[in-house]
Undergrad: 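Let me give you the structure first, and then I'll get to my questions.
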Protein chains: 2
Amino acid sequence: MVGIRDVARLAGVSTATVTRALRGDPSVTAATKAKVQAAAVQLGYVPSAAARALSRGHSNLLGLFVPDIVNPFYAQVAQGLEDRAAEERYHCVIASSHLNREREQQLLTSFQDGTLAGLAATTVGSDESFAAALTATRGPLVLVDRRPRGFNAPLVRTDNRKVTRHAISRLFAMGHTRIAMISGPREFDTACQRLSGFRMAYQDAGSFLPDSYIRHGHLGEAGGHAAMRELLALPQVPTAVFCFNNLVTVGALTAIRAAGLKIPHDISVLAFDDMSLFPLVDPPITAIAQPAYEMGRAAADMLLRRLAGEQEVTDIVLPATLIERESLGPPPAAERITPPAT
Amino acid sequence: MVGIRDVARLAGVSTATVTRALRGDPSVTAATKAKVQAAAVQLGYVPSAAARALSRGHSNLLGLFVPDIVNPFYAQVAQGLEDRAAEERYHCVIASSHLNREREQQLLTSFQDGTLAGLAATTVGSDESFAAALTATRGPLVLVDRRPRGFNAPLVRTDNRKVTRHAISRLFAMGHTRIAMISGPREFDTACQRLSGFRMAYQDAGSFLPDSYIRHGHLGEAGGHAAMRELLALPQVPTAVFCFNNLVTVGALTAIRAAGLKIPHDISVLAFDDMSLFPLVDPPITAIAQPAYEMGRAAADMLLRRLAGEQEVTDIVLPATLIERESLGPPPAAERITPPAT
DNA sequence: TTGTACGCGTTATCAG
DNA sequence: CTGATAACGCGTACAA
C-alpha cells in the first residue's frame with residue numbers, strides 16, 4: 001500500500017504539498033508540481049477513497065434508489081444520473097427496493113452511514129418513520145418521478161397531466177367515447193396527475209366517465225393483466241385503454257391477446273412510458289415517452305449543485321411526448337352505431 | 001454528528017465495548033450489550049462508513065462494470081448481483097462503460113482507490129495496459145459473460161456453444177439449409193463460442209457454410225441492422241438468421257421489417273438473449289435465454305466468497321435455454337425446391 | 001469481560 | 001509557496 005507519505009518522501013516535500021500538487025492547487029510551483037506528479041506515477045500512488053471520505057466529510061458516491069433497475073425506465077434514469085455524475089468524478093450506488101418498505105428502510109440506513117454524498121430516489125414509502133429517516137439524512141436528497149406525501153425535497157418529474165390530457169383528447173377525436181384507464185395506486189401523485197389529465201380530457205369532450213372505467217391501484221405486469229381482464233369483463237367493454245406505465249401496459253397487452261382481441265381493431269391501447277421494443281410489437285404501440293435519461297441527468301445535476309453549496313434547488317418539470325404508432329385506431333364499427341348506455 | 005464516543009459515554013462504557021456490543025461479539029455481557037444498544041438507538045447512532053472502511057481496510061461496496069446498464073441483460077445481472085450482495089449487507093456501484101476504452105480505464109482507476117471491495121466486470125478491453133490495471137487491483141475480480149485475452153480472473157458465463165449448436169440444429173431440422181449468423185467482434189470469446197456452436201450444427205447437418213453467411217464484428221442495434229441489410233442484399237438470401245445478442249436482434253428485426261419481409265414466412269429469426277417483450281413482438285421471437293439474474297448472483301457470490309477468505313474460486317458455467325415462440329418456421333417454398341448454389 | 005491507546009491515509013488549518 | 005500537525009471516526013491489539 002503506497003501512501004501519500006511515500007510520495008512526499010520521494011518527491012522531497014511534505015504530504016500537504018502532495019495533496020495540493022495533485023489537486024492542481026494554483027499555489028504550487030510548476031516545478032514542485034512536476035516533481036510530485038512524477039513521484040506519484042512512479043510509485044503508482046492512488047489516494048485512498050476511504051481516507052479521503054473520512055477526511056473530507058463526504059464520499060464521491062451518489063445514490064439512486066429505484067423500485068426496479070430492470071425496468072427500462074429506471075435503467076435510463078440510472079444512465080442519465082451516472083453520466084452526469086461521471087462528469088464530476090462521482091460514481092453511483094444503485095439499489096432496487098422492489099417497492100418493499102423494509103428494503104427501503106434498510107437502504108435508507110446505509111445512506112445514513114455516509115456512504116453516499118447525495119441521494120436520488122423514487123420511493124414508495126409515505127409513512128412517517130420513512131419520511132423522517134429520509135429527511136434526517138446526511139447529504140442532499142432529490143426525488144425522482146414522484147413525491148410521496150410528507151416530503152419536501154426537490155423533485156424532477158414530467159408534466160403528467162398535460163401530456164395525458166393531450167393524448168386522451170386524440171382518442172376522443174378518433175371517435176372513442178368509452179376510454180378506460182388502468183391507474184396506479186391512489187397514493188402515487190403520478191397516478192393522480194395522469195388521472196387528472198385523463199378526466200380533463202373527458203370533460204373537454206363532454207363525455208361521461210363511469211367509475212368502472214378507472215381501475216385504481218394496479219402496478220406491474222400482473223396488475224395490468226388483472227385490470228385489463230376486469231375491463232374486458234365489463235358489460236360495456238371500453239373501446240380504448242390508457243395504461244399507467246410500461247409494465248402495466250405489457251400486462252394489459254398480454255390480457256388483450258389472451259382474449260383474442262385485435263389492436264386497434266377491437267380496442268385501442270395507449271401506453272404511458274415508451275419501451276425500445278414498442279415499435280416492433282404487434283401492433284407498434286403508441287406511447288407517451290418520458291425523458292427518463294434526462295430526468296436522471298437532472299437529478300444528478302441538482303444533487304451536484306447542492307453539493308457545491310447551492311441552496312436554491314427547486315423542482316424541475318420535463319416535457320413528455322406522445323409517440324404515435326399503430327395501437328390507436330377508431331372504435332369498432334358496432335360501437336359507433338350503438339352509443340354507450342348512460 | 002453523533003459518534004461512537006457519544007454512545008460509549010451515554011452507555012457508561014468504552015468505545016471498544018460499543019463496537020463489540022454492536023457487532024454482536026459473544027464476549028460481551030447481555031446486560032452491557034442491552035445498555036449499549038439502548039444508547040445507540042436513543043442517540044440514533046450510525047457508524048461512519050468511511051471510518052469503518054478506513055479502519056477495516058475495505059468497504060462494503062461491490063462494483064459492477066458493464067457495457068450498458070440500459071441493456072436488459074446487464075440490468076438483470078445487476079439485479080442478481082445486488083440481491084446477493086444485499087444478503088451480505090453489501091451495496092453495489094454500477095458503472096456503464098459504453099464499450100469505451102477510456103471510460104473503462106477511468107472506471108478502473110476509481111476502483112484502485114479502494115472504493116470497491118470487489119469487482120464484477122464485463123469488459124471489452126483486452127490490451128496490455130488494461131489487463132495490468134485490472135490485475136493490479138485492490139480487491140477480488142470476477143469476470144461476467146466473457147473473458148478478454150490476457151485475463152485470468154474467474155468467470156461466470158453460459159454454455160454458449162452447446163445451446164447454439166442445439167438451437168441451430170432445430171433450424172436444419174425444419175428444412176433450412178441457408179442459415180446466416182450476425183456475429184459479434186472476433187475478439188469476444190462469446191462470439192467465438194456461439195460461432196463455434198453454429199459451425200458445429202452446420203457440420204452435424206452436413207451442410208456447406210459460405211463465408212458470406214457470417215457477418216463478423218457487429219454490435220448494437222445499428223450493427224444488427226447493417227448486417228441484416230448486407231445479408232438481404234446477397235445473391236442467395238439466407239432463409240434464417242441467428243443473431244449474436246439482443247440488441248443485434250432488434251436491429252435485424254428492424255431491417256427485415258423495412259425490407260417488407262415477413263417472419264417466419266420469408267425468413268426465420270433466432271435470437272441470442274431473451275427480452276421481456278419478445279413474446280409480444282410480431283411475430284413472437286424465439287430466443288436463447290441466458291440466466292442473467294443468476295449470473296449476477298453467481299458473480300456476487302464468488303466475490304463474497306473471496307472476500308470471506310476463500311481462495312479457490314473457479315469458473316462457473318450456467319445453462320442457457322431455448323425458448324420457442326414463432327419466429328422460426330420452414331424455409332420459403334421456393335427455396336425448398338431450388339437448393340442453394342454452393 | 002472491559003478499557004486504553006494507537007493506527008488507518010487524507011485533508012485542512014495555521015504558521016513560517 | 002510550503003511544512004508540521006491536528007483532526008476525521010472506528011477497529012483492535014494489548015493490557016488490566
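Lettering of chains follows the sequences in order, A, B, ..., and the numbering in each one begins at 1. The analysis underlying the following values was restricted to heavy atoms, covering all of them including side chains, and did not include hydrogens, waters or symmetry mates.
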Undergrad: Are OP1 or OP2 of dT11(C) and a side-chain N or O of Arg52(A) less than 4.0 angstrom apart?
TA: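 So the side chain of Arg52(A) is within the cut-off, an N or O lying under 4.0 Å from OP1 or OP2 of dT11(C).
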
Undergrad: Do the charged groups of Arg147(B) and Asp315(B) touch, with an N to O distance under 4.0 Å?
TA: yes

Undergrad: Looking at every strand, decide which applies to Val13(A) at a 4.0 Å heavy-atom threshold: base, sugar-phosphate, or nothing.
TA: sugar-phosphate

Undergrad: Ile4(B) CD1 to dA5(C) P: how many Å, rounded?
TA: 16 Å

Undergrad: CZ of Arg9(A) versus C1' of dA4(D): gap in Å, rounded?
TA: 15 Å

Undergrad: If you check every side-chain atom of Leu54(B), which of dG11(D), dC8(C), dT10(C) has the closest atom?
TA: dC8(C)

Undergrad: Which part of the nucleic acid, if any, lies within reach of Thr29(B) when heavy atoms closer than 4.0 Å are counted: base, sugar-phosphate only, or nothing?
TA: sugar-phosphate

Undergrad: Could you check whether Glu104(B) and Thr123(B), counting side-chain N and O atoms only, form a donor-acceptor pair closer than 3.5 Å?
TA: no

Undergrad: Let's see if you can work this out: which of dG9(C), dT12(D), dG3(D) has an atom nearest to the side-chain heavy atoms of Ala16(A)?
TA: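 My answer, after comparing the listed nucleotides, is dG3(D).
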
Undergrad: Hey, does Arg23(A) reach any base, or is it just sugar-phosphate, or nothing, if we go heavy atoms under 4.0 Å?
TA: nothing

Undergrad: What is the distance, to the nearest angstrom, from the CZ atom on Arg5(B) to the C1' atom on dC8(D)?
TA: 11 Å

Undergrad: Would you call Ser59(B) and Thr115(B) a side-chain contact if the rule is heavy atoms closer than 4.5 Å?
TA: no

Undergrad: Check this one for me: any side-chain N or O of Ser14(A) less than 4.0 Å away from OP1 or OP2 of dA4(D)?
TA: no

Undergrad: What's Ser48(B) touching, base or sugar-phosphate or nothing? Going by heavy atoms closer than 4.0 Å.
TA: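 Sugar-phosphate contact only - Ser48(B) comes under 4.0 Å of backbone atoms but never of a base.
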
Undergrad: Any side-chain N or O of Arg56(B) under 4.0 Å from OP1/OP2 of dC8(C)?
TA: no

Undergrad: Heavy atoms only, 4.0 Å cut-off, all strands: where does Val46(A) land among base, sugar-phosphate and nothing?
TA: sugar-phosphate

Undergrad: Taking atom C1' of dG9(C) as reference, at what distance in whole Å does atom OH of Tyr45(A) sit?
TA: 7 Å

Undergrad: Is it true that Arg297(A) and Glu87(A) have a side-chain N and a carboxylate O under 4.0 angstrom from each other?
TA: yes

Undergrad: Counting only side-chain nitrogens and oxygens, does Thr32(A) get under 4.0 Å of the OP1 or OP2 atom of dT2(D)?
TA: yes

Undergrad: Closest approach to the side chain of Met1(A), judged atom by atom: which nucleotide of dA13(D), dG9(C), dT2(D) is it?
TA: dG9(C)

Undergrad: By the 4.0 Å heavy-atom rule, please label Thr15(A) as base, sugar-phosphate, or nothing.
TA: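 Base: the residue Thr15(A), judged by heavy atoms under 4.0 Å, touches a nucleobase.
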
Undergrad: Measure the distance from CG on Leu43(B) to P on dC10(D) and round it to the nearest whole Å.
TA: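 It is 12 Å, rounded to the nearest whole Å.
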
Undergrad: For Asp113(A) and dC10(D), what is the distance between atoms CG and C1' respectively, to the nearest whole Å?
TA: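 The answer, rounded to whole Å, is 12 Å.
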
Undergrad: Looking only at side-chain N and O atoms, does Thr19(B) come under 4.0 Å of OP1 or OP2 in dC10(D)?
TA: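 Answer is no, no contact under 4.0 Å.
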
Undergrad: Can you identify which nucleotide, out of dT10(C), dG11(D), dG3(C), has its nearest atom closest to the Ser55(B) side chain?
TA: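 The answer is dG11(D), which lies nearest to the side chain.
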
Undergrad: Give the C-alpha distance, both sets of side-chain angles, the deciding distance and a yes or no for side-chain contact (heavy atoms from CB on, under 4.5 Å) between Met302(B) and Val156(B).
TA: CA-CA 9 Å; Met302(B) 292 165 83; Val156(B) 44; 4.3 Å; yes

Undergrad: Under 4.0 Å between a Lys/Arg side-chain N and an Asp/Glu carboxylate O for Arg157(A) and Asp189(A)?
TA: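 Salt bridge absent between Arg157(A) and Asp189(A).
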
Undergrad: Rounded to whole angstroms, how far apart are CZ on Arg20(A) and P on dT11(C)?
TA: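 These atoms are roughly 12 Å apart.
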
Undergrad: In whole angstrom, give the distance that lies between atom CG of Asp25(A) and atom P of dG3(D).
TA: 13 Å

Undergrad: Given that Ala51(B) and Gly12(B) both sit by DNA chain C, which one's nearest nucleotide is further toward the 5' end?
TA: Gly12(B)

